[in-house]
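Let me begin by presenting the structure, written as structure tokens, before commenting on it.
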Number of protein chains: 2
Amino acid sequence: MYLRYMEGLDESGQQTASSDELAQLCGTTPAQVRKDLSFFGSFGKRGLGYPVHELTEHLREILGLGHAWQVVIVGAGKIGSALAEYRGFRQRGFEVVGVYDKNPDKIGLPWGSSTVRDIALLAEDVKERKVDIAVIAIPSDDAQDVVDRIVSAGIRAILSFVPTQLHTPPHIAVKTVNMAMELEGLSFALTNRAD
Amino acid sequence: MYLRYMEGLDESGQQTASSDELAQLCGTTPAQVRKDLSFFGSFGKRGLGYPVHELTEHLREILGLGHAWQVVIVGAGKIGSALAEYRGFRQRGFEVVGVYDKNPDKIGLPWGSSTVRDIALLAEDVKERKVDIAVIAIPSDDAQDVVDRIVSAGIRAILSFVPTQLHTPPHIAVKTVNMAMELEGLSFALTNRAD
DNA sequence: CTACCTTTGTGAAGTATTTCACAAGCCCCC
DNA sequence: GGGGGCTTGTGAAATACTTCACAAAGGTAG
């Protein structure tokens with residue numbers, strides 16, 4: 001989050017930013033900003049604030065964004081499609097190098113400059129070309145099987161749009177995005193707000 | 001999350017579930033499950049566990065899912081499109097009643113049984129037909145303007161796919177889904193994992 | 001009806017996170 | 001070069017969250 005706003009400030013040419021300013025941008029508190037950043041080092045100058053450009057670089061380094069990551073998308077449906085075309089990915093150094101599906105009707109369909117490939121080919125493909133992250137946008141029922149394929153292919157990070165708990169070995173990094181759950185959170189807020 | 005798994009157990013016909021079983025499903029601990037549920041009431045039976053069907057109903061009630069919520073989608077791009085067709089929404093009682101955009105090229109395009117409407121018409125439309133939640137999938141630059149329109153139209157909950165902090169009055173419920181940020185979290189995990 | 005096995009609900013203890021508050025450091029101006 | 005106004009970095013205090021551990025029930029079998 002800090003990186004997002006630092007990039008914005010950097011583009012706008014601002015030289016320094018105080019923890020107060022960052023806190024306002026991010027919707028948090030100055031003390032929180034300082035504690036968070038201090039965990040990784042001492043980036044600010046007392047009396048001045050944080051040097052915008054320098055901190056941006058530091059954050060990128062910390063997050064491991066110094067080089068491009070290779071991403072495959074599994075699930076050639078609507079969501080997978082939207083993701084594959086999402087410009088934010090490439091912009092931030094995530095390169096979509098392949099799209100896979102289980103469904104024979106979808107395998108072989110054109111997809112950008114390539115085609116949708118059979119999920120069964122994933123393990124082989126990964127041998128040829130390094131893949132760092134798999135994004136899965138598939139039905140819940142197929143998810144565990146696909147995750148197992150991903151893991152045994154040697155991919156160690158998964159971004160999941162599947163609304164069920166996935167079973168993975170501990171060395172696999174998993175992040176889940178669950179839109180239905182977010183909406184239900186809003187439903188709760190609407191129902192229980194103090195009027 | 002509990003609701004998700006309770007529904008699954010209910011469909012499979014299971015009568016009761018222990019905190020231990022729920023914890024395994026959800027990837028948490030039995031104590032956590034019991035504390036969480038106890039916040040809302042005393043649903044279990046000692047020695048037996050939680051009655052699956054009954055708890056499912058309770059959770060739905062707690063989350064305010066007793067009736068359908070009316071949702072509009074703002075942003076007729078790829079992501080908005082994927083969202084509008086996402087079956088999970090309707091399945092869980094979220095009804096998409098309109099799609100809006102700012103871009104004149106997109107306004108008027110057919111969309112399901114309706115068409116994409118001008119965001120400027122939102123306030124009027126809301127007077128005719130109650131809208132509970134706005135989902136925004138638009139460029140960052142347009143976001144604050146659109147949010148202001150949504151808020152002044154009287155909508156009190158927003159699900160945002162915009163990667164910037166939105167400025168809203170405190171009585172508005174906002175949830176943000178930020179895919180780039182999730183990927184960067186994976187990048188961090190891959191970079192800093194203990195090998 | 002009692003003994004015993006199971007599992008909840010929950011204070012208390014243990015961790016983790018956030019906020020406070022202030023010394024230390026930097027810059028600028030006189 | 002020294003004083004004053006800012007702002008960081010960080011221990012300590014406050015708050016929040018998670019886990020422990022056990023009494024209180026419910027069920028069952030004999």
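Chain letters run A, B, ... following the sequence lines, proteins first and then strands; every chain starts at 1. Here the structure is a predicted model, which is why all the values come from computation and not from measurement.
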**OP:** State whether R129(B) and D125(B) are salt-bridged, where the test is any N-O pair (Lys NZ or Arg NE/NH1/NH2 against Asp/Glu carboxylate O) under 4.0 Å.
**Re:** no

In this structure, how many angstroms lie between the [atom2] atom of [N] and the [atom1] atom of [X], rounded?
X: D36(A); N: dT10(D); atom1: CG; atom2: C1'; value: 14 Å
X: L48(A); N: dG5(D); atom1: CG; atom2: P; value: 17 Å
X: L37(A); N: dT10(D); atom1: CG; atom2: C1'; value: 14 Å
X: E21(B); N: dT7(C); atom1: CD; atom2: P; value: 10 Å
X: F39(A); N: dG11(D); atom1: CZ; atom2: P; value: 14 Å
X: F43(A); N: dT8(D); atom1: CZ; atom2: C1'; value: 13 Å
X: R46(A); N: dT7(D); atom1: CZ; atom2: P; value: 14 Å
X: R34(B); N: dA25(D); atom1: CZ; atom2: P; value: 16 Å

For [N], take OP1 and OP2 only and decide whether either is under 4.0 Å from a side-chain N or O of [X].
X: Y50(B); N: dG9(C); answer: yes
X: Q32(B); N: dC17(D); answer: no
X: S19(A); N: dT8(D); answer: yes
X: T29(A); N: dT19(C); answer: yes

**OP:** Please tell me which of the listed nucleotides, dA12(D), dC27(C), dG27(D), lies nearest to the side chain of K35(A)?
**Re:** dA12(D)

Original post:
Given that K45(A) and A31(A) both sit by DNA chain C, which one's nearest nucleotide is further toward the 5' end?
Top reply: A31(A)

Would you say the side chains of [X] and [Y] form a donor-acceptor pair under 3.5 Å?
X: D118(B); Y: Y100(B); result: no
X: Q14(B); Y: D10(B); result: no
X: Q144(B); Y: D148(B); result: yes

**OP:** Would you confirm whether W69(B), through its side chain, and G64(B), through its main-chain N or O, come within 3.5 Å as a donor-acceptor pair?
**Re:** yes

